[in-house]
There are 2 protein chains.
Amino acid sequence: MDTTTSVRRPHRALESSATQSTVRESNLALVARTLFDSPEPLSRADIAAATTLTRATVSRLVDDLLLGGIVVEREKTAGTPGRPATPVVPHNRLCALGMQVNAGFTIVRLIGLDGALIAESATTGDLVGSDPATVLRELGRTARRLLEGHLQTRRLVGAGLALPGLVRSGSGLLLRAPNLGWTELAPAELMAAPDLTAGLLVGNEADLAAVSIAYPTPGRQGPQRDFIYLSGEIGIGGAAVLDGRVMAGRHGWAGEIGHVCVDPDGPPCPCGSRGCLERFAGSRVLMRAAGLEPDAPVSELIEAIEDGSTAARAAVDAAAAALETALVSTINLLDIPEVVLGGHLGRLGRYLLPRVQAAVRGRAIAGRFDGPVVSVDQHVTTDDAAPAATGAAVAVLNQVIDNPAAWLG
Amino acid sequence: MDTTTSVRRPHRALESSATQSTVRESNLALVARTLFDSPEPLSRADIAAATTLTRATVSRLVDDLLLGGIVVEREKTAGTPGRPATPVVPHNRLCALGMQVNAGFTIVRLIGLDGALIAESATTGDLVGSDPATVLRELGRTARRLLEGHLQTRRLVGAGLALPGLVRSGSGLLLRAPNLGWTELAPAELMAAPDLTAGLLVGNEADLAAVSIAYPTPGRQGPQRDFIYLSGEIGIGGAAVLDGRVMAGRHGWAGEIGHVCVDPDGPPCPCGSRGCLERFAGSRVLMRAAGLEPDAPVSELIEAIEDGSTAARAAVDAAAAALETALVSTINLLDIPEVVLGGHLGRLGRYLLPRVQAAVRGRAIAGRFDGPVVSVDQHVTTDDAAPAATGAAVAVLNQVIDNPAAWLG
DNA sequence: TTGTTTTGTTTCATCACAAAACTTATAACC
DNA sequence: GGTTATAAGTTTTGTGATGAAACAAAACAA
């Protein structure tokens with residue numbers, strides 16, 4: 001862990017050479033993305049118009065996608081002069097597992113390539129200090145049960161797992177999850193379900209929740225393309241999304257807004273620093289400061305405020321002030337003037353939004369130019385407590401859309 | 001300026017289709033990058049081995065580069081059995097102008113595709129509150145004089161201009177440069193030298209200084225590929241470089257570390273926030289706090305410290321503390337555990353490095369894993385006061401290397 | 001002089017896509 | 001109902017990129 005300076009490869013490969021099959025892969029991906037990104041079904045001719053490819057080329061590419069079960073044809077639609085078009089739409093036969101382990105629950109979702117929730121299984125329980133092997137083995141069993149009966153009609157593309165901690169990008173190793181008490185483990189192995197977890201995508205909970213905002217359904221970007229996401233949990237996770245891609249940094253740990261310092265003389269943080277945002281706006285800190293049980297639901301906090309509790313009000317104000325400071329710094333650093341609040345921060349939106357929005361507009365450099373927007377994660381208003389599980393599945397499905405050639409084999 | 005929420009285009013083009021000429025462009029760039037990135041001259045066969053292209057293909061691509069004047073053949077090298085190889089190296093006939101306007105000087109440099117400094121012209125003077133039209137017109141004249149006599153043997157690729165302010169990426173407009181007192185102007189037009197400034201690359205001073213660190217010579221990456229750069233001037237500029245690319249953000253303003261908040265109750269900053277890093281570590285703030293003239297050279301500050309001035313010592317300590325806080329937050333946010341100090345911060349390296357390095361290692365999340373490195377910009381030790389001017393030229397030349405097809409026409 | 005080795009070139013086959021002609025399937029109009 | 005107009009999708013042909021393999025060139029070595 002406490003490794004010495006890593007040896008850098010003296011000459012990394014610049015990139016690989018292009019060939020004709022590269023062209024095909026690239027155009028296949030272009031057609032797939034165009035198809036999935038469109039809110040309305042597109043015909044081959046529509047795709048040709050949208051991509052500048054010829055109809056002939058699109059036809060052949062679409063044939064490949066049909067053959068691979070990635071898309072299907074719908075009934076022809078008449079009504080206008082000319083030969084009727086054949087709409088081509090995402091095939092819901094392909095699907096992926098999205099899983100999440102959190103301090104308070106585990107969840108498994110099966111999601112189709114068209115974005116539909118096919119099945120779901122959730123368990124609640126206190127997982128702080130739990131044994132990762134036990135929890136993950138059980139998660140694997142749950143996933144297998146969930147799949148039963150579906151594999152006759154569907155085909156599994158892969159699985160994704162969201163964890164509340166540091167995940168080393170590439171290797172899929174969890175380095176540490178402070179709020180679970182887990183360190184240094186390989187989730188794919190512990191799940192003991194090699195058929196399900198071959199190529200398991202392991203990701204940080206905030207990063208994957210951000211994916212589900214950037215892509216409400218697989219391959220289709222939502223209205224927010226550049227934004228900073230904050231996940232309000234025991235810790236404050238964060239992710240920075242630019243043009244639909246989650247920023248990774250060198251190891252895949254970028255976006256840790258919870259550990260932006262908002263007061264150099266503030267309380268110490270287990271991360272080694274002091275006065276991190278998390279120390280003011282993390283759920284347990286907030287609840288304690290409000291005079292409530294650390295794991296009390298947000299509704300209690302809101303009630304307390306409405307009942308006139310000064311402690312509750314002060315706690316939220318302190319969190320808001322910390323949030324303002326951290327976000328202004330973050331926006332100045334990343335130049336992404338849009339913020340989405342998730343978890344308990346989203347649920348406290350009515351108290352936080354106006355203040356934070358005003359601060360961001362008045363104090364961030366980009367504030368005066370773009371009219372930055374602060375909003376609440378949709379998932380909060382629809383009472384979805386596990387957007388990261390959905391995001392994990394979507395991330396897996398996006399891989400298919402972004403490189404269909406690899407899936408077609 | 002104070003625009004309302006910008007209207008987002010509902011459907012941006014996903015990307016354009018690939019064709020055979022795309023393959024050629026891509027491989028041409030691959031060959032060029034391989035050639036320029038190598039410390040030793042490469043033969044066609046070497047390039048083939050390095051890229052997995054065949055010798056036949058490499059030969060044809062190199063022929064194009066030769067024809068375009070981007071590379072030249074050197075004398076064959078014998079000594080080993082087999083047909084002697086023909087080394088192919090960057091051609092120094094192509095060159096670019098790199099210019100910089102700062103609060104205290106202007107500079108114009110002419111730099112060859114091989115990285116050599118061909119000519120240089122600098123002027124000093126207080127440009128705070130100066131008239132941009134006058135300054136830029138004079139800069140254009142200087143550039144033209146500098147070029148005289150060189151255009152018989154060289155060919156100008158283009159020009160780059162570094163400015164200490166906010167530049168809107170794409171348009172090349174300077175929105176504001178607080179320390180010059182300039183706002184809202186189009187440098188390319190004001191320079192009144194359309195032959196030189198066609199396609200002028202305008203960039204932020206810190207961003208372009210970072211380019212000259214990432215690329216010590218055009219197309220050849222230095223040892224630092226991921227790093228956070230801090231330019232110490234009146235203001236503290238910053239840039240984040242990941243894999244050799246400067247992070248832009250939505251408008252091109254990412255990396256403003258000078259406006260990370262290190263004390264929410266600190267002194268107000270013209271940017272609208274409070275307690276920005278710049279308020280503690282900007283050169284004039286630092287000098288005043290040390291009891292010196294605001295524009296005194298760093299050497300005086302060092303002397304004062306060595307003479308035992310407590311004010312000077314305290315000022316540097318305060319700057320160091322602010323730097324620590326800002327950098328820990330920044331590293332947590334970007335996951336780039338490497339820092340390069342430029343300008344007066346680099347010149348104060350002996351006082352800052354140990355403290356800052358310890359802070360970053362002990363308090364940043366990535367600190368415990370990678371052994372983060374804090375170092376001083378090479379340009380400071382070689383007494384080059386204008387790395388951004390070099391970076392501006394290098395950025396222009398890199399465009400040729402990254403897409404030779406566009407240059408060949 | 002002959003053989004060996006490596007570089008660089010030539011020739012030919014393959015495979016994507018573009019262009020354009022063609023086929024198919026519908027609506028609109030007389 | 002027959003004809004025309006219109007648009008979707010397919011077939012055919014040509015172009016241009018790379019790869020593979022044979023070939024030519026230029027050195028060293030025995």
Side-chain angles (χ1 to χ4, degrees), chain A residues 15-32 34-35 40-67 71-89 404-405 408, chain B residues 15-32 34-35 40-67 71-89 404-405 408:
Chain A
E15 94 199 45
S16 59
S17 61
T19 159
Q20 315 214 75
S21 71
T22 314
V23 174
R24 188 161 190 80
E25 280 170 33
S26 162
N27 284 335
L28 210 47
L30 176 61
V31 169
T34 306
L35 256 164
E40 272 96 49
L42 298 179
S43 68
R44 293 168 174 81
D46 292 334
I47 298 168
T51 58
T52 75
L53 291 164
T54 60
R55 294 202 307 273
T57 304
V58 170
S59 258
R60 259 173 315 178
L61 293 168
V62 167
D63 283 347
D64 281 5
L65 295 177
L66 286 169
L67 224 67
V71 297
V72 266
E73 295 186 334
R74 280 247 201 93
E75 270 313 293
K76 295 186 209 306
T77 60
T80 52
R83 175 174 173 175
T86 313
V88 179
V89 297
L408 303 179
Chain B
E15 95 199 43
S16 60
S17 60
T19 158
Q20 314 213 77
S21 70
T22 315
V23 174
R24 188 161 190 82
E25 280 169 32
S26 163
N27 285 335
L28 211 47
L30 176 61
V31 168
T34 305
L35 256 164
E40 270 96 48
L42 298 180
S43 67
R44 292 168 174 80
D46 292 336
I47 298 167
T51 58
T52 75
L53 291 164
T54 61
R55 294 201 307 274
T57 304
V58 170
S59 258
R60 263 172 310 201
L61 294 168
V62 167
D63 282 348
D64 280 7
L65 295 177
L66 286 168
L67 223 66
V71 298
V72 266
E73 295 187 331
R74 279 246 202 93
E75 270 313 294
K76 298 186 207 305
T77 58
T80 52
R83 176 174 171 175
T86 312
V88 179
V89 298
L408 303 179

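The chains referred to below are lettered A, B, ... by the order of the sequence lines, with proteins before strands, and numbering in each begins at 1.
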Does a donor on one side chain sit under 3.5 Å from an acceptor on the other, for A:T86 and A:S43? no
If you define the side chain from C-beta out and look only at heavy atoms, does anything of B:R74 sit under 4.5 Å from B:P41? yes
Where the side chain of B:T54 meets the backbone of B:T57, is there a donor-acceptor pair that is under 3.5 Å apart? yes
Nucleic acid contacts of residues 41-50 of chain B, taken as heavy-atom distances under 4.0 Å to DNA chain C: B:S43, B:R44, B:A45
Using whole Å, what does the distance between atom P of nucleotide D:dT18 and atom CZ of B:R55 come to? 16 Å
Is the side chain of A:T51 donor-acceptor paired with the backbone N or O of A:I47 at a distance under 3.5 Å, no angle test? yes
Quick check for you: to the nearest 0.5 Å, what is the distance between A:S21 atom OG and A:L28 atom CG? 11.5 Å
Is a side-chain donor or acceptor of B:N27 paired with a backbone partner of A:A18 at a separation under 3.5 angstrom? yes
Please give, in whole Å, the distance from D:dT18 C1' to B:L30 CG? 13 Å
Atom-to-atom span, CG of A:D63 to C1' of D:dT11 - whole angstrom: 13 Å
Could you tell me the separation between the CG atom of B:L408 and the CD atom of B:E25, rounded to the nearest 0.5 Å? 10.0 Å
Please list each protein N or O that sits under 3.5 Å from an N or O in nucleotides 23-27 of chain C, with the distance.
| unit_1 | atom_1 | unit_2 | atom_2 | d |
| --- | --- | --- | --- | --- |
| C:dA25 | N3 | A:R83 | N | 3.1 |
| C:dT26 | O2 | A:G82 | N | 3.0 |

Indicate for each nucleotide in nucleotides 11-17 of chain C, in 5' to 3' sequence, whether protein heavy atoms under 4.0 Å reach the base (B), only the sugar-phosphate (S), or nothing (-). ---BBBB
A:S59 vs D:dT10: side-chain N/O to OP1/OP2 distance below 4.0 Å: yes
Within this structure, what is the CZ-CG distance for the pair A:R44 and A:L61, rounded to the nearest 0.5 Å? 11.0 Å
Give a yes or no on whether the backbone of B:A56 and the side-chain of B:S59 come within a donor-acceptor separation of less than 3.5 Å. no
How long is the span from the OG1 atom in A:T34 to the CG atom in A:D46, to the nearest 0.5 Å? 11.0 Å
